[in-house]
There are 2 protein chains.
Amino acid sequence: MKQSTPAAEDYLKTIYGHTEWQPEPITPSVLAARLGIAPSSVTEMVKKLAASGLLRHVPYGPLTLTPAGLLAATAVVRRHRLIETWLVRDMGYHWDEVHEEAEILEHSISDRLLDAMDARLDRPAHDPHGDPIPAADGSVAREPAILLAQATAGHSGRVLRISDRDSAILRDLAADSIGPGSALTVIEPPGTTNLLCVRLPDGQIRQLSPAAAGLIWVSA
Amino acid sequence: MKQSTPAAEDYLKTIYGHTEWQPEPITPSVLAARLGIAPSSVTEMVKKLAASGLLRHVPYGPLTLTPAGLLAATAVVRRHRLIETWLVRDMGYHWDEVHEEAEILEHSISDRLLDAMDARLDRPAHDPHGDPIPAADGSVAREPAILLAQATAGHSGRVLRISDRDSAILRDLAADSIGPGSALTVIEPPGTTNLLCVRLPDGQIRQLSPAAAGLIWVSA
DNA sequence: TTAGGGGTTTCGGTTTGCCTAAATATTTAC
DNA sequence: GTAAATATTTAGGCAAACCGAAACCCCTAA
């Protein structure tokens with residue numbers, strides 16, 4: 001069992017990320033699309049990860065993490081989210097700008113430096129997008145949340161998390177003063193226009209694209 | 001001209017480092033030894049770097065940086081030294097522990113994050129070992145220094161820099177309360193024992209190995 | 001002045017991680 | 001229930017960066 005490469009870490013992290021907020025296990029083609037690489041490349045790496053005992057995979061079937069794989073994946077996610085938190089709290093970044101930087105640093109930071117950051121930030125429980133930061137032992141404190149895109153009219157709640165996958169959307173949301181912690185109420189779900197209307201605490205109305213509503217999770 | 005890989009950055013940084021405190025250009029075999037790789041691997045990479053206009057090299061001759069190569073090299077050195085300074089000032093590292101961490105992070109940090117660090121640290125001029133931090137334009141403020149190993153008996157001066165190449169020696173020196181800024185006087189140069197004796201301001205005497213004396217630079 | 005010998009380069013080979021194209025398996029849709 | 005569409009895997013290739021072994025260059029010392 002050798003230590004993982006940046007590429008392997010990205011696979012594990014992405015597989016983990018897919019099941020973090022929904023139960024369906026990920027398939028090779030979806031994983032390939034998420035990573036932006038060819039499906040055949042996924043087949044190859046999956047074979048290696050399965051051989052190392054990090055992944056379970058029956059040919060033509062979906063991918064699931066073994067306990068060892070889950071631990072490795074949460075370790076990467078922990079690094080990613082602590083780095084994002086540090087970028088915002090110490091280095092003057094905004095919450096919609098940290099993803100790319102963390103994406104790279106998560107593969108280079110040592111355990112020691114990570115712990116120094118964690119201590120310095122006072123062991124934060126959530127990153128700037130509202131995602132829970134896994135503990136060093138791999139445990140994650142998850143709060144029940146529903147996707148804004150699936151909320152019914154009249155639903156009221158707090159924004160718990162906004163997926164950091166698409167920075168352009170994050171910037172738009174930040175410009176609309178919607179961020180983790182924002183309270184909002186669904187006025188009407190997507191109708192003919194496909195846009196979802198929400199009201200902010202100050203009474204202002206915002207129209208959200210389906211893409212945006214698919215990234216926002218609110219309290220149930 | 002594509003952007004450099006971590007490997008290429010290490011070559012350029014090492015070539016630069018060799019001439020920073022002495023004039024002789026580096027040869028392929030010395031470069032290979034410094035990088036801990038085979039000479040044949042150096043030949044290959046040197047060809048690529050020369051083709052990109054970063055290096056001058058006539059077959060069987062020494063290696064010199066072009067202006068473009070010098071700029072690329074000082075950019076890496078700048079990243080390395082700013083990261084070291086940050087690790088000490090913000091993250092609770094000691095000056096003898098930062099090298100390995102910086103060695104990795106120097107290849108992953110973005111320009112933006114580097115500038116945020118630089119600003120946060122108040123644009124420092126020297127790293128924790130006393131080495132000058134190159135400016136963003138590649139310029140370096142170098143102070144005249146002589147190698148302790150070559151100082152004559154009676155020479156008095158301040159420790160300006162201690163090369164960070166060997167962490168074991170750095171730890172020994174730190175344990176002996178010798179670090180950048182320390183004042184010291186050479187009592188006698190290496191004699192039969194090969195050890196160099198220096199006196200500290202408080203009157204204490206230290207014996208330094210030739211290896212240690214070859215890493216310490218004092219004011220002239 | 002020529003024979004070593006040490007430094008340098010060439011050559012073929014390895015690993016990692018990606019690719020495209022083609023083959024194969026599975027699912028869906030009629 | 002079979003044919004078309006879709007998903008997955010296999011096969012062959014490529015680039016980066018390394019290796020060891022063998023060939024080559026050059027300088028020096030007898």
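Lettering follows sequence order; numbering is per chain, from 1. All of these numbers come straight from a predicted model, not from anything done at the bench. Scope of the values below: all heavy atoms of this structure, side chains included, with no hydrogens, waters or symmetry mates.
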Dump every N/O contact between nucleotides 25-28 of chain C and the protein below 3.5 Å, one line per pair.
unit_1: C/dA25; atom_1: O4'; unit_2: A/Y60; atom_2: OH; d: 3.3

Sequence neighbours excluded, the answer for ring-ring contact (aromatic ring centres under 6.0 Å, His included) partners of A/H99 is A/H80
How close do A/I169 and A/A211 get, counting heavy atoms only, and between which atoms? CD1-CB, 3.7 Å
Are the side chain of B/E106 and the backbone of B/I83 linked by a donor-acceptor contact shorter than 3.5 Å? no
Does a nitrogen or oxygen in the side chain of A/S41 sit under 4.0 Å from OP1 or OP2 of C/dC18? no
Non-hydrogen atoms of B/L160 and B/P144 that approach each other most closely: CD1-O, 3.5 Å
Taking only residues two or more places apart in sequence, or in another chain, which ones meet A/D131 in a salt bridge (charged side-chain N to carboxylate O under 4.0 Å, His left out)? A/R161
N/O donor-acceptor pair under 3.5 Å between A/T66 side chain and A/G69 backbone: yes
Side chain B/R56, main chain B/L65, donor-acceptor under 3.5 Å: yes
Contacts under 3.5 Å, N or O only, protein and nucleotides 12-14 of chain C:
none

For A/L173 against A/L208, the heavy-atom pair lying closest together: CD2-CD2, 3.9 Å
Can you tell me if CZ on B/R120 sees more than 12 non-hydrogen neighbours from other groups inside 6.0 Å? yes
In whole Å, I'd like the distance from the CE atom of B/M45 to the P atom of C/dT8. 18 Å
Stretch residues 7-15 of chain A: residues that reach within less than 4.0 Å of DNA chain C through a heavy atom: A/A7, A/Y11
Would you name the heavy atoms of B/L82 and B/P124 that are closest together and state the gap between them? CD2-CG, 3.7 Å
Per the under-4.0 Å heavy-atom filter, residues of residues 103-111 of chain A near DNA chain C come out as none
Which side-chain N or O atoms in residues 212-220 of chain B pair as donor and acceptor under 3.5 Å with protein atoms at least two apart or in another chain?
unit_1: B/S219; atom_1: OG; unit_2: B/R158; atom_2: N; d: 2.9

Show your reasoning for whether salt bridge (Lys or Arg N to Asp or Glu O under 4.0 Å) applies to B/E97 and A/R112. CA-CA 11 Å; B/E97 307 171 315; A/R112 165 160 184 194; 3.1 Å; yes
Which protein N or O atoms sit under 3.5 Å from an N or O of nucleotides 27-29 of chain D?
none

For a quick test of reading the model: is some side-chain N or O of A/K48 closer than 4.0 Å to OP1 or OP2 of C/dG17? yes
Distances for protein N/O vs nucleotides 1-3 of chain C N/O pairs under 3.5 angstrom?
none

State, to 0.1 Å, how close B/E84 and B/A102 come at their nearest heavy-atom pair, and which atoms those are. CG-CB, 3.6 Å
Is it true that a side-chain atom of A/Y93 and a backbone atom of B/L113 form a donor plus acceptor pair closer than 3.5 Å? yes
Going by atom types alone, do B/S4 and B/E9 pair a side-chain donor with an acceptor below 3.5 Å? no
In terms of heavy-atom contacts, does CG of A/D111 have more than 12 from other residues, nucleotides or ligands at under 6.0 Å? no
Can you check whether A/W95's main-chain N or O pairs, donor with acceptor, with A/H129's side chain at less than 3.5 Å? yes
Atom-to-atom span, CG of A/L49 to C1' of C/dT16 - whole angstrom: 13 Å
Does a nitrogen or oxygen in the side chain of A/K47 sit under 4.0 Å from OP1 or OP2 of D/dT10? yes
Residues which pass side chain to side chain contact (heavy atoms under 4.5 Å, CB included) with A/P25, listed by chain and number, not counting sequence neighbours: A/P62, A/T64
Qualifying residues under salt bridge (charged side-chain N to carboxylate O under 4.0 Å, His left out), relative to B/R34, sequence neighbours excluded: none
Counting only non-hydrogen atoms, which of residues 21-40 of chain B are less than 4.0 Å from DNA chain D? B/G36, B/I37, B/A38, B/S40
So, are A/R81 and A/E20 salt-bridged, with charged N and O less than 4.0 Å apart? yes
